[in-house]
Amino acid sequence: MALFDARARDKARELSAYRDQRYSGSLRDQEQQLKNSTTLYVGNLSYYTREEQVYELFGRAGDVRRVIMGLDRFKKTPCGFCFVEYYTRDEAENAIRCVNGTRLDDRVIRTDWDAGFIEGRQFGRGKHGGQVRDEYRKDFDPGRGGWNKIVATK
Ligand code: GTA
């Protein structure tokens, strides 16, 4: 049991391959911030998921300081991601352990360490205002606007 706990703990501390290309400092600074951060990025949300649901789910892992919903930068409507800030690193690690890979609105959500929210980062960066990944997917996803915007406008 102790061995299992130790492995699970290490996994929660690992960084994914994602790095924000618009981060203003060096790659090293970004990695340092990721390692000390109390903020999580949450991806694969339904466009219909509400902020209160995010508080409810992530609140099970610790005290949530703030939730910032990701928005379509033109329509200012939810576009399928958010940032969750905790007060402590332990609480954020706990969320990665307990909430990552679970379902919210019947979708498997993905949590990732984030270097920290700054104004502007809540907006989708895709050409159509939503997330970049929604312009590359090939499937019909009713929780995320149906077909991807590029296919839909062809
Ligand atoms: N911490 O995993 C993440 C993460 N993601 C996916 C987005 N954000 C994340 N933060 C963390 N971890 O604040 C944050 C961004 C921003 C906000 C919205 O969410 O930092 P976005 O999803 O609209 O755009 O961001 P982002 O993250 O800049 O795009 P991404 O997915 O990294 O793509 C970068 C480039 O890779 C694109 O320009 C595109 O050329 C290429 N690309 C992306 N997906 C594909 C694909 N499926 N096929 C081919 N090329 C692709």
Side-chain angles (χ1 to χ4, degrees), residues 10-51 53-55 57-59 61-62 64-105 107-154:
D10 284 344
K11 203 92 186 124
R13 287 181 173 176
E14 278 172 21
L15 300 186
S16 74
Y18 181 87
R19 299 292 176 270
D20 184 357
Q21 298 305 312
R22 299 194 191 176
Y23 181 81
S24 60
S26 67
L27 187 59
R28 201 156 158 234
D29 291 344
Q30 183 171 177
E31 289 178 355
Q32 203 50 49
Q33 254 182 283
L34 287 167
K35 285 177 192 157
N36 295 315
S37 174
T38 60
T39 302
L40 302 179
Y41 162 89
V42 184
N44 201 34
L45 293 180
S46 159
Y47 292 0
Y48 302 104
T49 296
R50 288 174 291 108
E51 189 174 321
Q53 291 171 271
V54 178
Y55 272 105
L57 179 62
F58 283 85
V64 174
R65 184 168 175 263
R66 182 162 70 139
V67 171
I68 299 113
M69 296 301 284
L71 301 175
D72 180 297
R73 73 175 184 284
F74 302 129
K75 294 190 276 184
K76 307 292 185 287
T77 53
C79 73
F81 73 98
C82 70
F83 297 99
V84 177
E85 288 179 4
Y86 285 95
Y87 286 95
T88 67
R89 177 79 181 181
D90 276 352
E91 288 168 314
E93 271 181 23
N94 207 23
I96 292 198
R97 242 174 264 125
C98 307
V99 185
N100 184 35
T102 62
R103 283 175 186 271
L104 184 55
D105 274 337
R107 302 178 68 88
V108 177
I109 57 171
R110 180 176 78 88
T111 58
D112 188 28
W113 287 112
D114 189 75
F117 175 74
I118 52 167
E119 186 52 37
R121 291 199 61 216
Q122 72 272 43
F123 297 119
R125 295 173 177 173
K127 289 189 194 73
H128 292 82
Q131 279 203 277
V132 171
R133 51 160 290 178
D134 272 327
E135 299 187 334
Y136 285 94
R137 67 179 164 75
K138 304 262 190 290
D139 59 327
F140 181 82
D141 190 340
R144 293 180 66 101
W147 295 111
N148 79 50
K149 300 284 188 316
I150 289 172
V151 169
T153 53
K154 265 183 190 165

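Along the sequence shown, the residues carry numbers beginning at 1. Side chains included, hydrogens not; waters and symmetry mates left out as well; all remaining heavy atoms used. Remember, it's 1-based here, ligands and their atoms both numbered in the order they're listed.
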With R28 via side chain to side chain contact (heavy atoms under 4.5 Å, CB included) - residues at least two apart: S26
Working note: L27 + Q32, criterion side chain to side chain contact (heavy atoms under 4.5 Å, CB included); need CA distance, chi angles, decisive distance, verdict. CA-CA 9 Å; L27 187 59; Q32 203 50 49; over 6 Å; no
For F74, check side chain to side chain contact (heavy atoms under 4.5 Å, CB included) against everything at least two apart and list the hits. D72
Close N/O pairs between ligand 1 and protein, under 3.5 Å:
from	atom 1	to	atom 2	distance (Å)
ligand 1	1 (N)	W113	O	3.1
ligand 1	1 (N)	D114	OD1	2.8
ligand 1	2 (O)	R110	NH2	2.6
ligand 1	2 (O)	D112	OD2	3.4
ligand 1	8 (N)	Y18	OH	3.4
ligand 1	12 (N)	D112	OD2	2.7
ligand 1	13 (O)	R121	O	2.8
ligand 1	13 (O)	R121	NE	3.3
ligand 1	20 (O)	Y18	OH	2.7
ligand 1	20 (O)	D20	OD2	3.4
ligand 1	20 (O)	R121	NH2	2.8
ligand 1	22 (O)	Q131	NE2	2.8
ligand 1	23 (O)	R125	N	2.9
ligand 1	23 (O)	V132	N	3.2
ligand 1	27 (O)	Y18	OH	2.7
ligand 1	28 (O)	R125	NH1	3.0
ligand 1	40 (O)	Y136	OH	3.3

On a heavy-atom basis, the closest approach of Q53 and Y48 is OE1-O, 4.1 Å
May I have all residue pairs that pass ring-ring contact (aromatic ring centres under 6.0 Å, His included) and include part of residues 17-47, sequence neighbours excluded? Y41-F81
Are the side chains of R137 and R144 in contact, using a 4.5 Å heavy-atom criterion? yes
